[in-house]
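Heads up: the structure comes next, in structure tokens.
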Amino acid sequence: MKTVRQKKILDLIEKNNIGTQEELASLLCSSGFDVTQATVSRDIRELGLSKVPGPGGIPHYILITRSQSDMGDKYIRVLKDGFVGMDMAQNILVIKTVSGMAMAVAAAIDALHFSEVVGCIAGDDTIFVAVRTVSETRVLMEKIRGMISL
């Protein structure tokens, strides 16, 4: 039962911006799982879920493995160090970087595995990030703003 429940948790956090244990417990109950907040808390810890800024800067749960977590901090640091600004052109996010840092920042964006990102093309100080939809471009911009302001 625990394995099935934890699989459902991963499915729910992938499809929804869930920011609290109570929200997650409620969605699990709606899906037929009888859980307490303590069970949800334990599952979050066992799965290694983390909170990251989402739309509007509101944090939500994502899955980060141990090695990703260690590397994630490094990628976020590269993003912060190289980032100058960003703007959107429909579903293309244009990121300006410090001269010579675009390739490193693009690699960091790829390594952070944003679900909205289809791929990146980097020059010397500019990155074009192909995003699935216009609304997901806005979501991605909020995630990046949240990461660089940490």
Side-chain angles (χ1 to χ4, degrees), residues 5-28 30-31 37-150:
R5 183 181 65 245
Q6 289 184 347
K7 200 174 225 178
K8 184 63 176 177
I9 289 171
L10 294 175
D11 182 53
L12 288 170
I13 66 165
E14 185 178 320
K15 294 178 180 171
N16 304 284
N17 286 331
I18 300 170
T20 66
Q21 293 179 6
E22 292 77 17
E23 285 177 70
L24 183 54
S26 175
L27 287 170
L28 284 168
S30 297
S31 299
Q37 186 272 331
T39 302
V40 171
S41 178
R42 195 169 30 258
D43 285 339
I44 288 170
R45 190 174 50 258
E46 287 176 10
L47 289 168
L49 302 183
S50 296
K51 280 190 179 181
V52 297
I58 299 167
H60 68 280
Y61 288 106
I62 63 166
L63 174 64
I64 298 180
T65 63
R66 290 283 178 235
S67 62
Q68 284 177 318
S69 179
D70 297 340
M71 291 303 291
D73 292 340
K74 292 177 185 172
Y75 293 131
I76 292 169
R77 193 166 45 252
V78 168
L79 183 61
K80 283 182 182 181
D81 290 347
F83 184 87
V84 172
M86 65 183 157
D87 201 354
M88 65 181 277
Q90 297 296 327
N91 67 317
I92 303 291
L93 178 58
V94 180
I95 298 175
K96 298 299 283 182
T97 70
V98 173
S99 184
M101 287 288 293
M103 292 285 258
V105 172
I109 289 169
D110 285 339
L112 288 166
H113 302 290
F114 293 108
S115 61
E116 300 85 2
V117 174
V118 177
C120 298
I121 298 173
D124 181 59
D125 66 353
T126 305
I127 305 165
F128 282 8
V129 182
V131 184
R132 296 185 195 292
T133 66
V134 172
S135 62
E136 286 184 333
T137 305
R138 290 185 188 96
V139 169
L140 179 61
M141 289 175 78
E142 285 299 315
K143 286 181 179 180
I144 291 172
R145 281 188 193 106
M147 288 180 152
I148 61 175
S149 67
L150 291 175

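What's counted below: heavy atoms across the whole structure, side chains too, no hydrogens, waters or symmetry copies.
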Exercise. Is I18 close to H60 at the side-chain level, that is, under 4.5 Å between some pair of heavy atoms?
Worked result: no
For this session: Indicate the atoms forming the closest heavy-atom contact of V78 with A104, along with that distance.
Result: CG1-O, 3.6 Å
Exercise. So, do I109 and I95 sit near enough that their side-chain heavy atoms are less than 4.5 Å apart?
Worked result: yes
For this session: Identify the two heavy atoms, one from L140 and one from F114, that lie closest to each other, and give their separation to 0.1 Å.
Result: CD1-CG, 3.5 Å
Exercise. D124 versus T97: any side-chain heavy-atom pair under 4.5 Å?
Worked result: no
Exercise. R5 versus K8: any side-chain heavy-atom pair under 4.5 Å?
Worked result: no
For this session: Determine yes or no for a side-chain-to-main-chain donor-acceptor pair under 3.5 angstrom, with E23 supplying the side chain and T20 the backbone.
Result: yes
Problem set entry | L93 and M86, any side-chain heavy atoms less than 4.5 Å apart | yes
Exercise. Do R132 and V118 touch side chain to side chain, with heavy atoms closer than 4.5 Å?
Worked result: yes
Exercise. What's the spacing between L112 CG and Y75 OH if we round to 0.5 Å?
Worked result: 8.0 Å
Exercise. What distance separates L47 CG from L10 CG, expressed to the nearest 0.5 Å?
Worked result: 5.0 Å
For this session: Find out whether M88 and I92 are in side-chain contact, i.e. whether some heavy atom of one side chain is under 4.5 Å from a heavy atom of the other.
Result: no
For this session: Could you grab the distance from atom CD1 of I9 to atom CG of L24, nearest 0.5 Å is fine?
Result: 5.0 Å
Seminar exercise, completed: Interatomic distance, CZ@R77 vs CE@M147, rounded to 0.5 Å, equals 13.5 Å
Exercise. Which residue pairs satisfy the side-chain hydrogen bond (donor to acceptor under 3.5 Å, both in side chains) criterion with at least one member in residues 86-96, sequence neighbours excluded?
Worked result: K96-T126
Exercise. Counting only N and O atoms by type, is there a donor-acceptor contact under 3.5 Å from the side chain of S26 to the main-chain atoms of E22?
Worked result: no
Problem set entry | Minimum heavy-atom distance A106-A122, with the two atoms named | CB-CB, 3.8 Å
Exercise. When rounded to the nearest 0.5 angstrom, what distance separates CD in E142 from CD1 in I144?
Worked result: 10.5 Å
For this session: Evaluate whether atom CE of M103 has more than 12 neighbouring non-hydrogen atoms of other residues, nucleotides or ligands under 6.0 angstrom away.
Result: no
Seminar exercise, completed: Q21 and S41 have their tightest heavy-atom pair at OE1-CB, 3.6 Å
For this session: Working to the nearest 0.5 Å, report the span between CG of L12 and CG of N17.
Result: 12.0 Å
Exercise. Which pair of heavy atoms, one from V105 and one from G82, lies closest together, and at what distance?
Worked result: CG2-CA, 3.9 Å
Problem set entry | Donor + acceptor pair across side chains of E46, Q6 (<3.5 Å) | yes
For this session: Search all heavy atoms of C120 against all heavy atoms of V129 and return the closest pair with its distance.
Result: SG-CG2, 4.0 Å
Exercise. Is any side-chain heavy atom of R138 closer than 4.5 Å to a side-chain heavy atom of K143?
Worked result: no
